[in-house]
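Please read the structure below before turning to the comments.
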Amino acid sequence: MPVYGPEGWLPLWAGVANQKQADRVRNVMMDVNRFNSFVPLGTLDLSHPRLEPERGYWRGPVWLDQAYFGIRGLRNYGYDKEANELTLKILNNCQGLLGDQPVHENYNPLTGETLNAPHFGWSSAHLLLMMFEYK
């Protein structure tokens, strides 16, 4: 069984995919049955039988740095509309991001609930990058 995760969109972030490859990756990223969830771009394909975002550290939670690499990768290939859509879903659906709660290490892709460590530095840094690059 193939396993899909953030490593699939890293070639877009790095700028090494050709346009045909980028189109295919974009389709997987935007698929609501794969990665375009309530909080998009988790660490495991939503259709994978081992998806356990609330208990499995790398089995589905959304890490904002990995989500940023995907969003930046989409922008690298001219998919600004899709990048904006995913950015807004992250901002609106990650618990507490638009309120007064700390930024957490990761988030549940299905519910937006915070997971693991609060006040997580690289999550905060990548969230700022997402917001600065929003068009």
Side-chain angles (χ1 to χ4, degrees):
M1 166 178 264
V3 178
Y4 293 88
E7 62 281 349
W9 53 74
L10 289 179
L12 276 63
W13 171 75
V16 297
N18 64 41
Q19 191 62 51
K20 184 176 178 183
Q21 292 167 329
D23 293 343
R24 290 194 337 241
V25 172
R26 176 237 167 254
N27 291 341
V28 171
M29 292 172 71
M30 298 307 294
D31 184 340
V32 296
N33 297 308
R34 298 271 179 124
F35 290 102
N36 191 359
S37 50
F38 184 67
V39 176
L41 304 180
T43 54
L44 185 62
D45 176 358
L46 296 170
S47 69
H48 195 281
R50 301 287 303 264
L51 180 75
E52 295 183 89
E54 60 284 333
R55 294 185 307 149
Y57 201 58
W58 283 98
R59 289 195 182 156
V62 176
W63 293 70
L64 296 180
D65 62 322
Q66 299 302 306
Y68 170 77
F69 297 142
I71 290 168
R72 177 71 251 170
L74 289 171
R75 291 195 192 287
N76 288 347
Y77 286 82
Y79 298 117
D80 290 321
K81 178 180 174 243
E82 291 88 342
N84 288 342
E85 175 187 327
L86 299 178
T87 298
L88 286 178
K89 286 179 87 171
I90 287 170
L91 291 173
N92 289 320
N93 298 337
C94 285
Q95 182 181 352
L97 281 189
L98 297 180
D100 61 356
Q101 294 183 22
V103 176
H104 278 69
E105 184 174 13
N106 42 39
Y107 295 84
N108 187 313
L110 305 174
T111 67
E113 292 176 274
T114 60
L115 301 171
N116 299 304
H119 305 288
F120 211 69
W122 78 46
S123 293
S124 301
H126 286 91
L127 180 62
L128 287 173
L129 288 169
M130 274 185 241
M131 292 188 301
F132 289 143
E133 295 175 5
Y134 179 82
K135 297 178 181 174

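Values below: all heavy atoms of this structure, side chains included; hydrogens, waters and symmetry mates excluded. For reference, positions follow the sequence shown, starting with 1.
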Using the side-chain hydrogen bond (donor to acceptor under 3.5 Å, both in side chains) criterion, which residues pair with Glu7? Sequence neighbours excluded.
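With sequence neighbours excluded, Glu7 shows a side-chain hydrogen bond (donor to acceptor under 3.5 Å, both in side chains) to no residue whatsoever.
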Beyond-backbone contact of [X] with [Y], side-chain heavy atoms, under 4.5 angstrom:
{"X": "Glu85", "Y": "Asn36", "result": "yes"}
{"X": "Val103", "Y": "Leu97", "result": "yes"}
{"X": "Ile90", "Y": "Ile71", "result": "yes"}

Any donor-acceptor pair under 3.5 Å from [X] side chain to [Y] backbone:
{"X": "Lys135", "Y": "Asn84", "value": "no"}
{"X": "His104", "Y": "Pro102", "value": "yes"}
{"X": "Thr43", "Y": "Gly60", "value": "yes"}
{"X": "Asn76", "Y": "Gly15", "value": "no"}
{"X": "Ser47", "Y": "Arg34", "value": "no"}

Separation of Asp65 CG from Leu41 CG (nearest 0.5 Å)
11.5 Å
Kindly give the heavy-atom pair with the smallest separation between [X] and [Y], and that separation in Å.
{"X": "Met30", "Y": "Leu86", "result": "SD-CD1, 3.8 Å"}
{"X": "Gln95", "Y": "Tyr107", "result": "O-CE2, 3.7 Å"}
{"X": "Asn33", "Y": "Leu46", "result": "O-CB, 3.6 Å"}

In chain order, what residues pass the ring-ring contact (aromatic ring centres under 6.0 Å, His included) check against Tyr134, with sequence neighbours excluded?
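So Tyr134 forms no ring-ring contact (aromatic ring centres under 6.0 Å, His included) with any residue.
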Paired with Glu82, the salt bridge (Lys or Arg N to Asp or Glu O under 4.0 Å) test is passed by just one of Arg75, Arg72, Arg26, namely Arg26
Using a 4.5 Å cut-off between side-chain heavy atoms of Ile, Leu, Val, Met, Phe, Trp and Tyr, which other residues end up in the same hydrophobic cluster as Phe120?
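Traced through the cluster, Phe120 reaches Tyr57, Trp58, Trp63, Trp122.
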Can you run down the ring-ring contact (aromatic ring centres under 6.0 Å, His included) pairs that involve residues 3-22, sequence neighbours left out, and say none if there aren't any?
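Qualifying pairs: Trp9-Phe35, Trp13-Phe69.
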Which pairs pass ring-ring contact (aromatic ring centres under 6.0 Å, His included) with one or both residues in residues 77-97, sequence neighbours excluded?
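Every pair satisfying ring-ring contact (aromatic ring centres under 6.0 Å, His included) with a residue in residues 77-97: there are none.
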Who pairs with Asn108 by side chain to side chain contact (heavy atoms under 4.5 Å, CB included), at least two apart in sequence or on another chain?
Pro53, Glu54, Leu110, Thr111, Glu113, Leu115
